[in-house]
Every structure is written in C-alpha cells, then in structure tokens.
Amino acid sequence: MTTSTEAQETAEAAPRDLHEYLSALVREAARNYLAREQIDYPVEELPIDLGFSAQASFGDYSVPLMSWAAKNRLGRPPLVIAEALADYLRSLNLPTLQEVTATRPGYLNFRLNRPLVSRDIMVRVLEAGPDFGQSETGVGTKVVVEHTNINSNKAAHVGHLRNSCLGDTLVRMLRTQGYQVEAQNYIDDTGVQVADVVVGFTLLKEGRLHLPEGDEPLPGEPFDYYCSRVYVAVGKAYDEQPELLERRRAVLRAIEHGSEAEAGRPEEGADYAALAADLSQRIVQAHLKTMSRLNISYDLLTWESAILHSGLWKKTFEVLKNRGLLRRPESGKLAGCWILPFGEGESQDEESEHTLDKVLVKSDGTATYTAKDIAYQLWKFGLTDDPAFDVHFTFVPWGRQHDGRLLWTMRTPGLQGEASKEGDPLRFGHAQRVINVIDVRQSYAQQVVYESLRRLGYEEQANNSTHLAYEIVTLSAATAASLGVDTSDGREFYPMSGRKGIEIKADDLINAAIARMKEVKPDLPDETAAILGASAIRYFMIRFSLQQVIALDMEEVLRPTGDTGVYLQYAYARANSILRRLQESGYEVPERLEELPPALEQSEWDLLRHIDAYPRRLAEATSHLAPNLLAAYAYDLAAHFSDFYEHTPPIVKEEDQRIKAFRAWLVRTTAQVMNNALRTLGFIPLERV
RNA sequence: GGGGCCGUAGCUCAGUGGAUAGAGCAGCGACCUCCUAAGUCGCGUGUCGGAGGUUCGAUUCCUCUCGGCCCCA
C-alpha cells in the first residue's frame, strides 16, 4: 500500500494551510482512483477548487468534482467519483479528518477534527508571529510603485487621498510578499497649475489680483490652503482678463528653462523660476505632512523639473527620433508637432477630427506630460544607464519621515546646497517591475508610454509595466450641497473641481474624522483619536473596488460604526483588552496546549479557519493588486472575532482549564493576525481605545 | 467615430463558473451588577439592467442591447 504511505506523508509534511493540506489529500485520492480504475489522465490537470462548504451541514470544506466527469476527462458520474474518493480518504483513518462525505451532484466534503486542526493553526500563527502571512514570492524582484503624484501648487484633496491610500497599501502588501519595493512620489512641478499660482503671487504683489477672503494668508492658514485660494482666484482672473494668459506663458517658459530664460527680461524669468521652485518645495512639504497623518511615507521624490533639467527628456526625444519612431506632420491640425503615430499602420486622414496619434512635443516646442512620462518610465527600469542617454541624477536626502524612513529626492534646480550627502544613483530605479498608481482617465496616456517602450525594443519592460487604474472620487449630492453646489438637477454625484474650489481638502477630512472620534468618546487621547481617524479614512479609501467611482459622502466616511476602519481597530483593542485582563488576573497562558476541549463552538471554528486563510488571502489580494480584498478580509476577521467574543462567556472567569487555555490561545492568535493585517493596511494598531 | 468602466436589497457597496447571492447604512424591536455597547441578536418575496448564447451548472464567460460615467478631445 504505497499510496497510503504517500498520503500519510502528505498529511505530515507540515502544509502551509488547510487549503493546501486538503487539496493535497484530494489529489492523492484522485491519483489512487485513476490507478485503480485504470484511467489514463494526468492527475495534475484535474481542477481542485476547494472552498468553505456552502452550509455547515455539508462539512467544513468542500470541493466540486462535477467538472471531472466530462467524457474527455474521467467519463464517470461525478457522484460516483466523489464517493470513491471519500471511501479512499476514510480508509486512511487520518486523525485530522472526522468525516468525509460525498453529496450530489458531486461534491466531496470534509469535516475536520476541529480541536486538533485548530491547535495546528494557532501554533503556526504564534510561531511565525509578525511574519505570519509573509511570503517569499517576490524575493529578488525590485518593484517601483509610483503614487500620490500631486501637482505642487495647492492643497491635497480627497481625490489625491484615494491615490495615496491605494498606493501606500499596495506598497505594504507587496513588501509582505518579499518584494523589494521603492515608493516614488512624482511631482509635476513644471506644469500650468504651478505657473498659475506663480502668476497669482506676482499679481497679488502688484495689486492686480484680490482674493475674496483677503489677499494675505488668513490667521493660522496653512501655505497650501492659501495657494488653493490663489489658484481659484487666478482662474477667475483669466476668465475676466484673458490678457493675463500671456503672463502665464512667460512663467511657463521661465520654469521650463530655468534662470537662463526670458531673453530680454532675464531678471523676471529668474524671479519666476525661483518663485516656482520655492512654491513647489513648500507645497510638497505640506503634502508630505498631510500624508504622514495617514501613516503614508515614500522612498524617493521624483520631479518633472529634474527630468527636464537633467536632459533626460532631451535624450529620450533624440533616441525616439533616431529610431524613427516620431513623425512631424507638415500640415493638418498637428502641423509642427512631434507625434507618436498610432494609426494602425495606415496613415491618418489629416482632415479627420479624430486621430490615434499622440502628441509628444507641441508646436511651440514644449513636451507633453506623456513625453516626460516615457523618459521617466525608462529611467525607472534603469534603461537610461545606456550610454545613448548619458544622463545622471543626483540624489540627496530630503528628510526623516514620521515612521523613521529616510526620504530621498532627486536634486532639482530649485533644491541646491545639499550635496554633502549624496545617494548612490544605482540604488534608485532599476526595477524589474513598475506599477503606476494613476486614475483611470490617464489610461490612454499610460498605454502610450508602455507602447513607446515596446517600440524602443524594451518588450520585457513594457510587459512589466502596470497602470493601476482606479476611478475618480466625486461628491455625493448631500456633500456637494454642503459645499454650495447646486444639486437641484438631482444627480447622484457631482465632480470636484479644484479650479472652482469645489473640493474637500485632505486635511479638512482628516480633521473632521478626528473630531468625530472625539465626539463619540470625548475623553479619547489626541493620539488615539488621530490614529482612529486615519484608520477610518484609509479604510474608506481602499474598500471600494478600483473600478468604482466613489461618491464621497462626509457622513459615510466619518461614520465610526459598521464596516469601517474603526471597527477593525476596536476589535483589535478588544482582543488586547482580554489579554490584559487575563494577565491582571494572574493567569499565565500555558506554553503548550496539552489537553484540548472535546469540541469547539461554531464561532471559534469560523474564526480559526478564517485565521488559517490569511496568508492565502493576502497573497491573492497582492497578486491581484487589489487592496480592497485585504480590507474585506480584515473586516471579516474582525467580525468573526466579535462573534466569538459575544457568543462565548468571559475567558477570565472560565473554570474549565482546557477551554480557558484554548481560548486564551485563540485570542492571542487573533490579535497577532489582526496586528499583521492592520499594519499591512497601514493602520497603527491600537491596543486600547 | 473608436476604446474603457459602472448597473446586485430603500441607500452605499462587496462577491463568485458551483449547493439557499452577502455586508454596512437607514427603519422597527431586543441585549450592559460577566473580558470594551465604536459591540451583538432578531426582522429581507433582490427580474444580480434587458435579450440571446456557451456550460452538467451563468449574477459571474461571450454576443447584442438599454441607461449612466470616463478617455481618445
């Protein structure tokens, strides 16, 4: 009976989780069945779709075998197959299997020896500790994740938070799988939005622009908030005085060309460039501070200005031209532009209103965002080490972040005098994989970037480029109305508009969340309220699927009950509270669980098999790049724990030592997994609320 | 014109080629002299937008279609 021995070995080979253990058993049973029935079919190709049983009456885990019955597979009725496998597995008399059954139309069901299996699960979790859920999948692979990416001209709003929360969570998830992750925050400091605020400052200084609430910063007003006001005012001023657009063009030229610009008026150009650089530095500092309130940090700041001034874009442009990838139409609406043709081989009808071509350089010689993105993407993969580029960046420390992580930055023209400590250029970029967290509206532009890499011959890098596209954040009707938007047309959601000042600023949302937590419990310490508020916001921002437009409703984000980040924190704190009570009562949790309770409560078992699934669920969520799946897992875990808590008597007072020890272990185990999950979600786990 | 996304309970949203489709909110009603009530329990007749198709099995995959949003602009 060699097969029996093999199955025995399978059972004793310390599987990663119950899923792996049971799947191996099913495969082994299938192998035995194929041999006995003399069916020639590769056992590896029989799908084993193991899952929790739909009903407790079926068992704990079930696997459907209906698809095995097909003529081109085993050609036997599924229930017959299931019965045969069940017979075989029963004959093994494994102590872990209490009952194996077959049910119509062809399910194989397992009922496990719950106390025994549970101990294995808890031992596995507690031995791994903070590493439970970690995997080696990504070891040796460097991933660059670009996220946040806020224009450096005004305060961050809730739309930016969706980006940064998704990005930061993804970074943490990837790190649990062993990937070496570099979080890059790319700042567009050369665009029109920055120019607009510079225009605003110069007009304010000249007395030609006035802000409704007063030209000076309001008492206590943060710099980025002030800039938001200036930005809105400038937008209005353009509408009323179109001649001001000439000023914007001058500022843009100055920013693009630095202090050398503005022939004829060099001083003004230098002023504009310096103003813009100073503005960007201060705004980015404000953004980083905002993000740190949500426990979000980065490894590297990258700048559009650095890409321009290092000559990276210029070289990329040359390479694209030399490879014959660009065209410059003589006529038509794109005359004078440098374009990347996407016309499916056919030359585009120049009269056509519609074109698939992508403009990289406008007729006035300025590069589009997409153009610079191509250059940046090449750099992320280390492709610009090629002598054809001969471009080098200097990296200097920006500062220490709230979590102790050192943030580096590309040296920009506006950031001088920190050359004392330079980072090794090879340390940054050089990724095997790049994930760009950018909203869905940029999908086409991102495809152009990846296609450009492909046409340059970097097929592998193009394939390893991912646009993590998420839908935008809008405002619910109620929330829009509270901002003064006319909602009489009865739509379900209303877009934000920074230009019109219709938005919810990130810091306002965070402040409101903290205030709400204090409303619920007035004696809450400030730090705890801040962590709870941050957890509520982070959870809200990632719990939706990426494709879902979020119609943000203030009441919904701030709600402290139900399916929220607060609930997760509360459940975790509750588990710790039990452990504290046990300790205070003088109880020492035994080192080993010698004697097990004869049976488990349903709530205990549901909690345990959920705990057992954590590594698998985390790995799935990560490979799908789906933070919402991790959020859902964590919520389920918290809910199962609450269920257990509410439906079993207090452990502190438990008389039966077997049960007391088992439950103390269970609480400790749950706390460990919750802690791991919360940290991966970017929460700071609260042991007390 | 081309491309993409969304449509599931009153509302906001999960979810999956498998057995009876879930959660939160809102509403009504219970539960704190027992480890945290930011909790738990009870109360739901859902055309999974519609029509075809593939399949042993479709809310899930394919085609068409209706409504909404986005991108190429």
Side-chain angles (χ1 to χ4, degrees), chain A residues 47 49 51 53-55 57-58 62-71 77-78 103-107 109 333 342 344 352-359 439-448 469-472 474 476-478 491-493 495 516-517 519-521 524 532 535-536 540 543-553 555-557 559-585 587 603 628-629 631-632 635-636 638-639 641-654 660 663-664 667 688-689:
Chain A
D49 184 19
S53 301
Q55 297 172 52
S57 62
F58 293 134
S62 298
V63 50
L65 304 180
M66 285 77 88
S67 67
W68 293 18
K71 287 195 184 70
T103 50
R104 47 147 199 84
Y107 286 93
N109 309 298
K333 65 172 193 146
F342 276 89
E344 300 283 320
S352 168
E353 253 188 276
H354 313 295
T355 173
L356 292 169
D357 300 335
K358 185 69 193 178
V359 176
D439 81 52
V440 70
R441 293 172 298 186
Q442 293 296 316
S443 293
Y444 174 67
Q446 282 290 298
Q447 287 316 305
V448 169
Y470 63 92
E471 268 289 358
I472 58 168
T474 63
S476 73
R491 304 225 313 268
E492 282 168 11
F493 52 82
R516 177 61 59 91
M517 301 309 146
E519 264 173 49
V520 176
K521 195 176 176 190
L524 209 57
L532 278 177
S535 303
F540 181 86
R543 60 179 271 241
F544 302 92
S545 62
L546 297 176
Q547 298 85 351
Q548 190 69 239
V549 174
I550 296 182
L552 183 139
D553 187 86
E555 284 310 304
E556 182 70 14
V557 195
R559 184 165 48 79
T561 62
D563 184 5
T564 65
V566 177
Y567 180 85
L568 304 191
Q569 288 281 18
Y570 196 77
Y572 177 69
R574 191 179 241 174
N576 280 284
S577 170
I578 295 172
L579 295 174
R580 246 187 339 262
R581 292 285 175 168
L582 282 170
Q583 199 180 18
E584 283 164 11
S585 73
Y587 180 73
S603 66
N628 69 308
L629 297 182
Y635 175 74
D636 284 344
F641 178 70
S642 295
D643 191 38
F644 160 71
Y645 173 85
E646 295 282 353
H647 296 101
T648 51
I651 302 165
V652 178
K653 298 187 175 172
E654 181 60 50
K660 183 162 186 167
R663 291 190 179 152
V667 174
R688 197 190 292 263
V689 171

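Protein chains get the first letters and strands the later ones, always in sequence-line order, with residue 1 at the start of each. The structure displayed is predicted, hence computed values, not measured ones.
- Comparing B/rA30 with B/rG17, their P atoms sit 43 Å apart, to the nearest whole Å.
- Contact annotation: A/Tyr587 does not reach the phosphate of B/rC35 (side-chain N/O to OP1 or OP2, under 4.0 Å).
- Under the stacking criterion of a centre-to-centre distance below 5.5 angstrom and an interplanar angle below 30°, A/Phe58 sits stacked against the six-membered ring of B/rA19.
- At a cut-off of 3.5 Å, with distance as the only test, a side-chain donor of A/Ser62 or A/Asn109 sits close to an acceptor on the other residue.
- If you check B/rC41, B/rC25, B/rC6 against the side chain of A/Arg559, the one that comes closest is B/rC25.
- Across B/rG2 and B/rU47, the matching C1' atoms stand 33 Å from one another, rounded to whole Å.
- The CD1 atom of A/Ile550 sits 13 Å away from the C1' atom of B/rA14 (whole-angstrom rounding).
- The residue A/Ser443 sits apart from the nucleic acid: no heavy atom pair falls under 4.0 Å.
- Nucleotides B/rU12 and B/rG57, compared at atom P, are 35 Å apart to the nearest Å.
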query: Checking side-chain contact (heavy atoms from CB on, under 4.5 Å) for the pair A/Ser545/A/Tyr470: CA distance, chi angles, key distance, verdict?
result: CA-CA 8 Å; A/Ser545 62; A/Tyr470 63 92; over 6 Å; no

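- With A/Lys358 contributing its side chain and A/Val448 its backbone, the two residues share no donor-acceptor pair below 3.5 Å.
- The gap from the P atom of B/rG46 to that of B/rG10 amounts to 9 Å, rounded to the nearest Å.
- Atom CZ in A/Phe540 sits roughly 9 Å away from atom C1' in B/rU12 (whole-Å rounding).
- The side chain of A/Gln55 lies closest to B/rU20 when the candidates are B/rU20, B/rU40, B/rA14.
- Each of B/rC34, B/rA37, B/rG15 was ranked by its minimum atom distance to the side chain of A/Lys653; first place goes to B/rC34.
- Within the shown strands, B/rC6 is the pairing partner of B/rG67 under the Watson-Crick or G-U definition, both distances less than 3.5 Å.
- No contact: A/Thr564 has no heavy atom under 4.0 Å from any strand.
- Distance A/Lys521 NZ to B/rA37 C1': 12 Å, rounded to the nearest Å.
- For a distance-only test at 3.5 Å, the side chain of A/Thr103 qualifies as a donor-acceptor partner of the base of B/rA19.
- One finds no side-chain N or O of A/Asn628 lying less than 4.0 angstrom from the OP1 or OP2 phosphate oxygen of B/rC13.
- For A/Glu556 and B/rU12, a side-chain-to-base donor-acceptor distance below 3.5 Å is absent, hydrogens and geometry of angles not being considered.
- Of the side-chain N and O atoms in A/Gln548, one or more sit less than 4.0 angstrom from OP1 or OP2 of B/rA14.
- Between A/Arg663 and A/Pro649, some side-chain heavy-atom pair lies under the 4.5 Å cut-off.
- By the 4.0 Å N-to-carboxylate-O rule, A/Arg441 lies too far from A/Glu471 to be salt-bridged with it.
- Counting any heavy atom pair closer than 4.0 Å across all strands shown, A/Ser57 reaches no nucleic acid atom.
- Per the geometry, CZ belonging to A/Phe493 stands 12 Å off P belonging to B/rG7, to the nearest Å.
- Remark: the separation of the C1' atoms in B/rG27 and B/rG44 is 12 Å, to the nearest Å.
- If you find the closest nucleotide of RNA chain B to A/Arg580 and to A/Arg543, the one lying nearer the 5' end belongs to A/Arg543.
- Using a 4.0 Å heavy-atom cutoff across all strands shown, A/Val667 reaches no nucleic acid atom at all.
- One interatomic measurement links the two molecules: CD of A/Glu492 to C1' of B/rC11, which rounds to 10 Å at whole-angstrom precision.
- Contact annotation: A/Tyr444 side-chain N/O to B/rC71 OP1/OP2 distance is not under 4.0 Å.
- Here OG1 of A/Thr474 is found 9.0 Å from CZ of A/Arg491. Values are rounded to the nearest 0.5 Å.
- Taking atom C1' in both B/rU8 and B/rA23, the straight-line distance is 13 Å, to the nearest Å.
- A sub-4.0 Å separation between OP1 or OP2 of B/rC70 and a side-chain N or O of A/Tyr470 is absent.
- Ring geometry for A/Phe540 versus A/Phe544: interplanar angle over 60°, hence perpendicular rather than tilted (30 to 60°).
- Out of B/rA14, B/rC35, B/rU40, the shortest distance to the side chain of A/Phe544 is found at B/rA14.
- Counting non-hydrogen atoms under 4.0 angstrom, A/Val440 reaches nothing in the nucleic acid.
- For the C1' atom pair drawn from B/rG4 and B/rA14, the interatomic distance equals 22 Å after rounding to whole Å.
- As judged by a 4.0 angstrom heavy-atom cut-off over every strand, A/Leu532 is placed among the base-contacting residues.
- Glycosidic conformation of B/rC41 is anti; the angle lies outside 90° of 0.
- Comparing B/rU40, B/rC34, B/rA23 against the side chain of A/Glu646 picks out B/rU40 as the nearest.
- When each of B/rG24, B/rA38, B/rC35 is scored by its nearest atom to the side-chain atoms of A/Tyr635, the top-ranked nucleotide is B/rG24.
- For A/Arg581 and A/Glu654, the salt-bridge test fails: no basic side-chain N is under 4.0 Å from an acidic carboxylate O.
- If you take CG of A/Leu552 and P of B/rC13, they are 11 Å apart, rounded to a whole angstrom.
- Ranked by how close their nearest RNA chain B nucleotide is to the 5' end, A/Ile651 and A/Ile472 are led by A/Ile651.
- Among the nucleotides B/rA19, B/rG39, B/rC5, the one closest to any side-chain atom of A/Gln547 is B/rC5.
- Using a 4.0 Å heavy-atom cutoff across all strands shown, A/Asp636 reaches no nucleic acid atom at all.
- A/Asp643 approaches A/Ser603 most closely through the heavy-atom pair OD2-CB, 3.6 Å.
- A donor-acceptor contact under 3.5 angstrom links the side-chain atoms of A/Asn109 to the base of B/rA19.
- Atom pair A/Tyr645:OH and B/rC31:P shows a separation of 18 Å (rounding to whole Å applied).
- For A/Arg574 and B/rA37, the shortest distance from a side-chain N or O to OP1 or OP2 is below 4.0 Å.
- Looking at the side chain of A/Thr648, the nearest of the listed nucleotides B/rC35, B/rU40, B/rA38 is B/rC35.
- Side-chain atoms of A/Trp68 and A/Pro47, non-hydrogen and from C-beta on, do get closer than 4.5 Å to each other.
- Considering only side-chain atoms of A/Ser67, the nucleotide from B/rA73, B/rC13, B/rC56 that sits closest is B/rC56.
- Distance OH (A/Tyr570) to C1' (B/rC35): 11 Å, rounded to an integer number of Å.
- The A/Ile578 side chain lies nearest to B/rC35 when the options are B/rC35, B/rC71, B/rC5.
- A/Leu524 comes within contact range of at least one nucleobase, with a heavy-atom separation under 4.0 Å.
- Here the separation of B/rG3 from B/rU40, taken at their C1' atoms, is 49 Å to the nearest Å.
- Base pairing of B/rC61: its partner is B/rG53, meeting the Watson-Crick or G-U wobble criterion (both donor-acceptor distances under 3.5 Å).
- Of the side-chain N and O atoms in A/Ser545, none sit less than 4.0 angstrom from OP1 or OP2 of B/rC13.
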